[in-house]
Structure formats: C-alpha cells, structure tokens
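Presented below is the structure to which this report refers.
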Amino acid sequence: MHIVGARPNFVKAAPVVAALEARGVRQSVVHTGQHYDDRMSAVFFRELGLPRPDVDLGVGSGSHAVQTAALMTGLEQEFISRSPGLVVVYGDVNSTLAAGVVAAKLHIPVAHVEAGLRSFDWSMPEEVNRRLTDQLSDLCFATSPEAVGHLAAEGVGVHRVHLVGNPMIDTLLGSLDRFDTAALRERLKLPESYVAATLHRPANVDDPEVVARLVARLHEVADQIDVVMPVHPRGRAALTEAGLADHPRMHLLEPLGYIDFVTLVRASTAVVTDSGGVQEETTILRVPCLTLRPNTERPITITHGSNRLVTDSELPGLVSKILAGESFGAATVADVPPLWDGHAGERIAAILADWMAGAPAAGAEPRA
C-alpha cells in the first residue's frame, strides 16, 4: 500500500507504482488529501499516470498536530480494514510520518523512499518527519551516498538500507519530450528570458518581516530580469500583503501541474527556490539554482549540480553574475549523481518484490 499526500510524493511514487505493476505485484494507493486542490493534487495523478487512488482520506490542511492526528486516525482505519503486507511512504511530509507511526504500531512493515536525507535543522518539520520515519522503517531506500552514511550513523542496520537512486529523476527523465518550452511561453504569455521562483517554507513565508525582506529582494531581481512565480497556497496571503505583485516585471501564476512547472524551470535563466525537489530537478536540467535556505538535506545537488545556498542579501548580486555569464556551480555537464539514471523505480520495485516474496535482497530480513 502506497501512502501519498502531497505533490512531491506523487512524483516519487509514480515510477515505483509503474515498476511494481510491471512485475504483477498487487498494490493499492491511499491519498491522504494533505494537498487537495486540483492544481496541487489531481493534476499530478493525470499527468504522471498514477492509478486513481483506492482511497482519498481528504484530510486537508491544519496545524501539524491537528493534521497529523487526522492522518493517523484515517490511516489506522485503512490499515486495519485492508491489512496491507507492506506500507510504502515517500519523502518527509506529515502523511509520511503519520503512516509510519500507525503501521509500526500495528506491526505492519514500512518502506521509506527517500530515506536518510538530513538538513540537521530541527526547526524544519520535515527534518522531524524524515528522521522518525527512518527509525520506524524496515526498508530504507536512499537517493544518495551521504544518505546511506547518515542512516549508518544513526544505527540503522545495513540490511535495511538500499542505495537505489532518485525516483523523482525517473519521472523527470521519462517526461523530457513533454517539456515544450515554446508552447508554455505562448500559453502563459511568458517573457523570453526570466528567473523562475517558488517559496513556501515556514522560515521564508511565516514571518512578516522576513517576507517583506524577500519581496524587496525579488523586486531587485525583477529590476534586472522578469521573475515568474507560481505562488504556493502556503504563503500566498503573506506574500500578497507584502506587495509581491507590485512590480511590473513580476509575473505571478497559480500553482502549476508537474509538466508545466518543470517546463517553466527548464526554460528559465535561473531558479530561486526553497524547495528540495526543485534543487534535484535543476541538478539534472543544469539550470542555476539559488536556494534561499541556510542548509539543505540534498548536498549532492551542490557537489554534483548547479545548486547554491544563498541569503536574501546575496540574491540580486548572484543573479547579476548569472546574467553576465559567469560560471556557476561546481559540477560539469557530465557530473550526474550516482544512480540518478531513470531506473530508481525499477530498483525499488525489485527489492520490494523480493522482500514481499520472502527472499530479501542483499541479505535484508523482514522484521516480525
């Protein structure tokens, strides 16, 4: 049983579900409804070929405690009624942790896709979610070598850990011929050259003073080049109140589906973001990525990609350098993270199928 709840989960789950289907493995999909409007949820199922969810819990938004409690209550009922042999969770959202806790207490094995990522910043709710989920998981699927090291340092047994690559990159590479930049520009009336931006993390959009400062910096970027920004529901009110739209070269959009968003990124001159997934996508697309965070749980996007952690005060100057054609990022075009080759979903499916059949890969043993 796959548990998905937010748009990053859908992108990671799609290749795993497809690879398991090709192997004839019985599976079901539970959508918790953590992201629930069409642009944040349903469009992803349509575009990625995910099967219609067997269950949609429709949990919706709320505080961390309220949302997680509702998730746990709903998932407990589904697990008891459906008795899955294995629960697969993705990423680091509240749905991920809730499913891990409920499954563990019902003695249902858990597999965590994207295990071992660490920002070492406990102020991030995602850091809490991923650390606890890894401890609860029988199978930990790591996207990068440093993630394996983090799991080992935390005492996760080697038989539980598998370096498989990044299923989000499977989805990107499998969709390359669908990213029609010219058609997107025409349909959304986009300028020829632009910086793409996306912000949603609490540290960037919850404090009015921080929001005001970021808006001012984005306006300084817009003084140099148009800025196109799909506005995430989280932070929309604060950004609007701070006057985000009050610049003639700021182009604000509603949230985009997967194909449109990655097309937007692919056609951009640079990206400004606080999203983990965007850091990964720009690594493969080789688009300069300026990440407005003091840390990242994906350092491989810096060593093997074109990502760079920046402060808001650095942002306008770094955009100027990019526009001037100065070199950016540590990686060469051929320097791709190991196993980010479009086959992570197949590797995960093979391990899951063997594990469920009682013949665990690489010496792994199911726990009672």
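Glu314 CD: more than 12 foreign heavy atoms inside a 6.0 Å radius.
The shortest distance between side-chain heavy atoms of Tyr194 and Leu264 falls below 4.5 Å. Arg82 is listed as a side-chain neighbour of Val55, based on a closest heavy-atom distance under 4.5 Å. Contact of the Glu326 side chain with the Pro288 side chain is not registered, since no non-hydrogen atoms from C-beta on lie closer than 4.5 Å. Residues Val16 and Phe141 form no side-chain contact, since every pair of their non-hydrogen atoms from C-beta on lies 4.5 Å or further apart. Side chains of Ile348 and Leu139 form no contact here, defined as non-hydrogen atoms less than 4.5 Å apart. Between Asn166 and Pro337, every side-chain heavy-atom pair lies at or beyond the 4.5 Å cut-off. Within the 4.5 Å cutoff, the side chain of Val4 has heavy atoms near those of the Tyr90 side chain. Proximity of Asn9 to Val89: side-chain heavy atoms (C-beta onward) are nowhere separated by under 4.5 Å.
Here Arg187 pairs with Asp260 in a salt bridge; the nearest charged N to carboxylate O distance falls below 4.0 Å. The existence of a salt bridge linking Glu346 and Arg23 is excluded, since no basic side-chain nitrogen approaches an acidic carboxylate oxygen closer than 4.0 Å. A salt bridge does not link Glu114 to Arg130: none of the charged side-chain nitrogens sits closer than 4.0 Å to a carboxylate oxygen. Comment: Arg118 engages Glu154 in a salt bridge, judged by a side-chain N to carboxylate O separation of less than 4.0 angstrom. The residues Asp341 and Arg347 are annotated as salt-bridged, a charged nitrogen and a carboxylate oxygen being separated by less than 4.0 angstrom.
Under the 4.5 Å side-chain heavy-atom criterion for grouping Ile, Leu, Val, Met, Phe, Trp and Tyr, Val148 is not connected to Val336 through any hydrophobic cluster. Hydrophobic clustering keeps Val156 apart from Val101 (ILVMFWY residues linked when any side-chain heavy atoms are closer than 4.5 Å, directly or through intermediates).
The distance from the CZ atom of Arg7 to the NE2 atom of His232 is 6.5 Å, given to the nearest 0.5 Å.
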*Go through Phe10 and Glu47 one step at a time and tell me if the side chain to side chain contact (heavy atoms under 4.5 Å, CB included) criterion holds.*
CA-CA 10 Å; Phe10 312 143; Glu47 291 183 345; over 6 Å; no

_Test side chain to side chain contact (heavy atoms under 4.5 Å, CB included) on Ile322 and Leu290; report intermediate values, then the result._
CA-CA 10 Å; Ile322 292 168; Leu290 301 168; 4.2 Å; yes

*asked:* For Gln224 and Ser320: C-alpha separation, side-chain torsions, deciding distance, then whether side chain to side chain contact (heavy atoms under 4.5 Å, CB included) applies.
replied: CA-CA 7 Å; Gln224 307 174 60; Ser320 295; 2.4 Å; yes

*Where do Val25 and Met356 land on the side chain to side chain contact (heavy atoms under 4.5 Å, CB included) test, with the steps shown first?*
CA-CA 9 Å; Val25 176; Met356 291 295 292; 5.7 Å; no

_From CA spacing to verdict: salt bridge (Lys or Arg N to Asp or Glu O under 4.0 Å), Arg201, Glu126_ = CA-CA 10 Å; Arg201 300 234 174 232; Glu126 296 89 349; 2.8 Å; yes

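Side-chain N or O atoms of His2 include none that pairs as donor or acceptor with a backbone N or O of Val29 at under 3.5 Å. Under the 3.5 Å distance criterion, the side-chain polar atoms of Asp170 are matched with a main-chain donor or acceptor of Gly345. Proximity of a side-chain donor or acceptor of Trp340 to a complementary backbone N or O of Thr143 within less than 3.5 Å is detected. A distance-only check finds no donor-acceptor pair linking the side chain of Arg298 to the backbone of Leu117 [under 3.5 Å]. With hydrogens and angles disregarded, a donor-acceptor distance shorter than 3.5 Å links the side chain of Ser63 to the backbone of Val66. Side-chain atoms of Glu220 never come within 3.5 Å of backbone atoms of Pro316 as a donor-acceptor pair (strictly under, hydrogens ignored). Here the side chain of Gln279 pairs no donor or acceptor atom with the backbone of Thr301 at under 3.5 angstrom.
If you run side-chain contact (heavy atoms from CB on, under 4.5 Å) between Leu218 and each of Val319, Leu244, Asp312, only Leu244 comes through. Exactly one of Leu176, Leu285, Thr171, Val278 qualifies for a side-chain contact (heavy atoms from CB on, under 4.5 Å) with Val262. That residue is Leu285. The only option from Asn94, Asp92, Thr96, Thr68 that meets the side chain to side chain donor-acceptor pair (under 3.5 Å) definition with Asn129 turns out to be Asn94.
A donor and an acceptor atom, one from each side chain of Thr291 and Asn307, are located under 3.5 Å apart.
Nearest heavy atoms, Pro294 versus Leu309: O-CD1, 3.8 Å. Counting all heavy atoms, side chain and backbone alike, Pro191 lies closest to Asp226 at CG-CB, 3.5 Å. Of all the heavy atoms in Val210 and Ala203, the pair that sits closest is CG1-O, 3.6 Å. Taking each heavy atom of Leu97 and Thr133 in turn, the nearest pair found is CA-OG1, 3.6 Å. Nearest heavy-atom pair across Val17 and Pro51 is CG1-CD, 3.7 Å. Across Glu78 and Leu57, no two heavy atoms sit closer than the pair CG-CD2, 4.0 Å.
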